[in-house]
J.: 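Quick one: structure below, then a few questions.
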Number of protein chains: 2
Amino acid sequence: MTDRRAKTRTDGPGTESPATSGSATSGPATSGLARVAKHTFRSRIADSLRDAILGGDIEPGSQLVETALAEQFGVSRGPLREAIRQLIEEGILKTVPYTGTYVIDISVGDVDEIYSIRRNLETFAFEQVWDRRDAAFRGELQRRHDALTATIDAGDDKASILAELSFHGAVYEATGHSFLLHIWAGLRGRLQLYWAAHHRAHGLRGPRRDGHDAYLRLALGGDLEAMRREIDSHMRRGAEQTKAFLDGRERRPARRA
Amino acid sequence: MTDRRAKTRTDGPGTESPATSGSATSGPATSGLARVAKHTFRSRIADSLRDAILGGDIEPGSQLVETALAEQFGVSRGPLREAIRQLIEEGILKTVPYTGTYVIDISVGDVDEIYSIRRNLETFAFEQVWDRRDAAFRGELQRRHDALTATIDAGDDKASILAELSFHGAVYEATGHSFLLHIWAGLRGRLQLYWAAHHRAHGLRGPRRDGHDAYLRLALGGDLEAMRREIDSHMRRGAEQTKAFLDGRERRPARRA
DNA sequence: CCGTCGTCGATTGTCAACAATCGACGACGT
DNA sequence: ACGTCGTCGATTGTTGACAATCGACGACGG
């Protein structure tokens, strides 16, 4: 169906060299020909299903039926099950043997975990990058911040979620730290899930047009300690905001440990 | 002939697979009755295959053939492929469509990444736990340190690897931070892979009988800043040691980008 | 009226066969 | 002798059918 999907997801550690424009690896000059995107059903199903879940098209906590999904995707259950297994390991699906597969349910306890670990890792990322912030990095950060502001001005909430994640992701990518990128992919998925649910429930996540101005200024500045404090407060605000939203929908109490 | 129930195949290397995972976390009051261990082939294959890889029974970089593995495990390729997909997402296998599935190859670049992120996360874990270190935590840490020393004295290198990982894992478990535990599982796998390769190549990883004495003393003490410094130096030493080993076996240069 | 148990539909788990693709070997032409 | 191309074996990708298990509904007996 939907071909040519921009594969923005950096999968496991050791895939390819991201942001660095290098490609100066020894050997034959890469003649500019893009690799021809091996089309295997499994990978496309995984991408498509992940987008549907993280984008909020499938309610958190709802059950996925293999036969129905397989027919919907137009494939057999084999590749579908492998895609499901992949998403389970990514942490956005859960399965109970012989019973069912469910989209993970979001809880306030998870929010604290996600934001606390995110504060730690984002600080770590800035420490790694701090003395290597070149013009390319600064330009990229500025560009993504502009894109974020543009989507907010346009009122496109769904795009603003992706833009904000892209903005924060810039630092992780700049580190060139593949394992860190792998962890960030997991964090990003959770955040996207929370925010999408928030958006679906309230319509808006909040104004926050200038929510990243200080963040950007300090990220481009020279005071690492101030940047640490900004990350700290930024995460604290984010966690409070997300938890407030989740507390408001206490329809279903803690159903999972 | 359709009766595959009777097959009592040797479930791969070692039957101690369900050892380390279960009883650590504080679950609901287990009323004495152990859960009946849903036996699904997929999960057992995944555990068994992971143990074989991380334990060093399968050479890093070698290819896994589905048909051969399936026959060896006595199951069909379906469950096997799902287990493989799971291990791929865990980061210890790689696959090239229509070509092959390979155990990840270890490289010196990865070691720097693993130890740098591990230093950061282990510090984070101690910060989280520091003011909540009760008698149970101290006892558990002491107990695991004793176990580690015992395995070293016994000359059981394979067990000492697991004991050291268990010792360090105590802090992560004490945080009760599920996402942090998830990340630690990935780190632990990599470390186990490195150390197993080291052991297979050199026979020993080094003396280090007192390598964790200072670590334990500070972890039980009252100076968090000193603990931070100890983690820092501990990781630095570990990274240097592992990298030195990997540099020594430069038989096969970078075979992949 | 209530508790217990058997039955049934739904869903996941597993299997064996078939198709698509890749890498290498060897024949062929120049 | 060398490069090129077709063929073949090996391996993974995909499929549809069959078996095992779970949860719920309803019959039955108290």
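Residue numbers begin at 1 in each chain, while the letters A, B, ... track the order of the sequences.
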J.: Just jot down the side chain to side chain contact (heavy atoms under 4.5 Å, CB included) partners of B/E90, sequence neighbours excluded, or say none.
T.: A/E89, B/R50, B/Q86, B/L87

J.: Quick one: is D/dG13 close enough that its OP1 or OP2 comes under 4.0 Å of any side-chain N or O from B/R85?
T.: yes

J.: Give me the distances for all protein-to-nucleotides 16-18 of chain D N/O pairs that come in under 3.5 Å?
T.:
none

J.: Of all the nucleotides listed (D/dT14, C/dG13, D/dT12), which has the minimum atom distance to the side chain of B/V65?
T.: D/dT12

J.: Applying ring pair (Phe, Tyr, Trp, His ring centres under 6.0 Å), can you list everything that pairs with A/Y172, at least two apart in sequence or on another chain?
T.: A/W184

J.: What is the distance from CG of A/L64 to C1' of C/dT11, rounded to the nearest Å?
T.: 13 Å

J.: Answer yes or no: does atom CD of A/Q63 have more than 12 heavy-atom neighbours from other residues, nucleotides or ligands under 6.0 Å?
T.: yes

J.: Name the pairing partner of D/dA17, where a pair is Watson-Crick or G-U wobble with both distances under 3.5 Å, or state none.
T.: C/dT14

J.: Distance check needed: D/dT14 P versus A/I45 CD1, whole Å only.
T.: 8 Å

J.: For A/Y102 and C/dT11, what is the distance between atoms OH and C1' respectively, to the nearest whole Å?
T.: 9 Å

J.: Could you say whether A/F41 or A/P97 is positioned toward the 5' end of DNA chain D, judged by the nucleotide with the nearest heavy atom to each?
T.: A/F41

J.: Over how many whole Å does the gap from A/E71 atom CD to C/dA10 atom C1' extend?
T.: 16 Å

J.: Please report, rounded to the nearest Å, how far the P atom of D/dG23 is from the OH atom of A/Y98.
T.: 13 Å

J.: Determine, for A/E173 against A/R144, whether the closest basic-nitrogen to carboxylate-oxygen distance falls under 4.0 angstrom.
T.: yes

J.: Send over the distance from A/E82 CD to D/dG13 P, rounded to a whole Å.
T.: 7 Å

J.: Looking at B/R143 and B/E140, is there a salt bridge between them, counting it only when a charged N and a carboxylate O are closer than 4.0 Å?
T.: yes

J.: Going by purine N1 to pyrimidine N3 plus the second Watson-Crick contact, or the G-U wobble pair, all under 3.5 Å, which nucleotide sits opposite D/dG23?
T.: C/dC8

J.: Checking all strands, does A/I84 fall into the base, sugar-phosphate, or nothing category for heavy-atom contacts under 4.0 angstrom?
T.: nothing

J.: Could you tell me whether A/D57 and A/K158 have a side-chain N and a carboxylate O separated by less than 4.0 Å?
T.: yes

J.: Output the rounded distance in Å from NE2 (A/H39) to P (D/dT12).
T.: 19 Å

J.: State which of D/dT14, C/dT14, D/dT21 makes the closest approach to the side chain of A/P79.
T.: D/dT14

J.: Could you tell me the separation between the CZ atom of B/R42 and the C1' atom of D/dA20, rounded to a whole number of Å?
T.: 14 Å

J.: From A/Q128 CD over to B/S116 OG, what is the distance, rounded to the nearest 0.5 angstrom?
T.: 5.5 Å

J.: Measure from the side-chain heavy atoms of B/T40 and tell me the nearest of C/dT14, D/dC22, D/dT12.
T.: C/dT14

J.: Compare all side-chain heavy atoms of B/F179 with those of A/D110 and state whether any distance is below 4.5 angstrom.
T.: no

J.: Measure from the side-chain heavy atoms of B/R81 and tell me the nearest of D/dT14, D/dC22, C/dG23.
T.: D/dT14

J.: Given C/dC15, D/dG13, C/dT12, identify the nucleotide with an atom nearest to the side chain of A/E66.
T.: C/dT12

